[in-house]
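We're numbering straight along the sequence, starting at 1. Excluded from the calculations below are hydrogen atoms, water molecules and symmetry mates; all remaining heavy atoms, backbone and side chain alike, are included.
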Amino acid sequence: MSERIAIISLEDEPEVRQAILRDLEPFAGGFRIEGAEDADDARELIASIAEEGDRVGLILCDHRLPGTSGVEFLTELQADDSTRPIRKVLLTGQADHADTIQAVNDGGLHHYLTKPWRPDELDSVVRRQLTDFVLDAPDIDPLPYVQILDGARLMAKVATAGTID
């Protein structure tokens, strides 16, 4: 597995970002895990990950951020062909009904989690979203991810379509 799939936690509060990154540690063996404190930092990180030959598979994004809001940032990702495939999860305690609707309609939101989150729920959502990302990408061999993601779903893809050479 030469190319690595990255998970980004976009959260402006350092202690909350660290807690999210800690809860993502079970994925560290198979995925690159990164943190960003604002939308500009996340944009630079996405560019850097691409330059290094890796790709972002999932972004966990807070809504209330300095400058560009999380929903605005997710909408920006959805509008760009190169970042549209990224699975998008809004992890926030402060998005109102209108923000959530905008995230779904314009930001390509895949899941919504409220703060405080439960680690087991975060794990389940991340596992499902990354499995979907791998299944949706025609050029990713699912076999290296069978042990860490939803192995049954990934093996079903292997059985019906074969693996990528």
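Panel note: side chain Thr68, backbone Ala39; no donor-acceptor pair is recorded below 3.5 Å. At least one donor-acceptor pair closer than 3.5 Å links the side chain of Thr83 to the backbone N or O of Leu77. Between the side chain of Arg32 and the backbone N or O of Ile5, no donor-acceptor pair lies under 3.5 Å. Looking at Asp41, its side chain does come within 3.5 Å of a backbone N or O of Glu37 through a donor-acceptor pair. Lys115 places no side-chain N or O within 3.5 Å of a backbone atom of Thr92 that could act as its donor or acceptor partner. Side-chain atoms of Ser124 do not come within 3.5 Å of backbone N or O of Asp120 as any donor-acceptor pair. At distances below 3.5 Å, not a single donor-acceptor pair connects side-chain atoms of Arg87 with backbone N or O atoms of Gly57.
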Check against side chain to side chain contact (heavy atoms under 4.5 Å, CB included), Phe27 and Ile7: CA-CA 9 Å; Phe27 298 94; Ile7 304 167; 4.0 Å; yes
Step-by-step side chain to side chain contact (heavy atoms under 4.5 Å, CB included) determination, Asp150 to Arg128: CA-CA 7 Å; Asp150 185 339; Arg128 186 172 49 253; over 6 Å; no
Worked verdict on Ile86 versus Leu58 for side chain to side chain contact (heavy atoms under 4.5 Å, CB included): CA-CA 5 Å; Ile86 296 171; Leu58 173 67; 5.6 Å; no
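Partner Leu60 forms a side-chain contact (heavy atoms from CB on, under 4.5 Å) with one of Leu10, Leu24, Leu90, Val125 and no other, that one being Leu24. Here the options are His110, Arg153, His111, the test is side-chain hydrogen bond (donor to acceptor under 3.5 Å, both in side chains), and the partner is Asp132; only Arg153 passes.
With respect to the salt-bridge test (charged N to carboxylate O, under 4.0 angstrom), the residues Asp139 and Arg55 qualify. A salt bridge does not link Asp54 with Arg4: every distance from a Lys NZ or Arg NE/NH1/NH2 to an Asp or Glu carboxylate oxygen is 4.0 Å or more. Ion pair Asp123/Arg127 flagged as a salt bridge, since at least one NZ, NE, NH1 or NH2 atom sits closer than 4.0 Å to an Asp/Glu carboxylate oxygen.
Atom CD of Gln147 has 12 or fewer heavy atoms from other residues, nucleotides or ligands within 6.0 Å.
If you take OH on Tyr145 and CG on Leu154, they are separated by 10.0 Å, rounding to the nearest 0.5 Å. With rounding to the nearest 0.5 Å, the separation of CG in Leu91 from OG in Ser9 is 7.0 Å. To the nearest 0.5 Å, atom NZ of residue Lys88 and atom CD1 of residue Ile59 are 9.0 Å apart. Atom CG of Asp38 is separated from atom CD of Glu44 by 8.5 Å, given to the nearest 0.5 angstrom. In this structure, Leu74 CG and His63 NE2 are separated by 10.0 Å, a value rounded to the nearest 0.5 Å. Interatomic distance, Asp62 CG to Phe73 CZ, rounded to the nearest 0.5 Å: 12.5 Å.
In plain terms, the two heavy atoms of Ala36 and Leu45 that are nearest each other are CB-CD2, 4.3 Å. Scanning all heavy atoms of the two residues, the minimum distance from Asp23 to Pro119 falls at OD2-CG, 3.8 Å. Residues Cys61 and Gly70 come closest through the heavy atom pair SG-CA, 3.5 Å. Across all non-hydrogen atoms, the minimal contact from Pro85 to Phe133 is O-CD1, 3.4 Å. Listed here is the closest heavy atom pair of Asp12 and Arg64: OD1-O, 3.4 Å. The shortest heavy-atom contact between Ile148 and Gly30 is CD1-N, 4.0 Å.
No hydrogens or angles considered: a donor-acceptor pair under 3.5 Å links the side chains of Glu52 and Ser48.
Phe31 is listed as a side-chain neighbour of Leu149, based on a closest heavy-atom distance under 4.5 Å.
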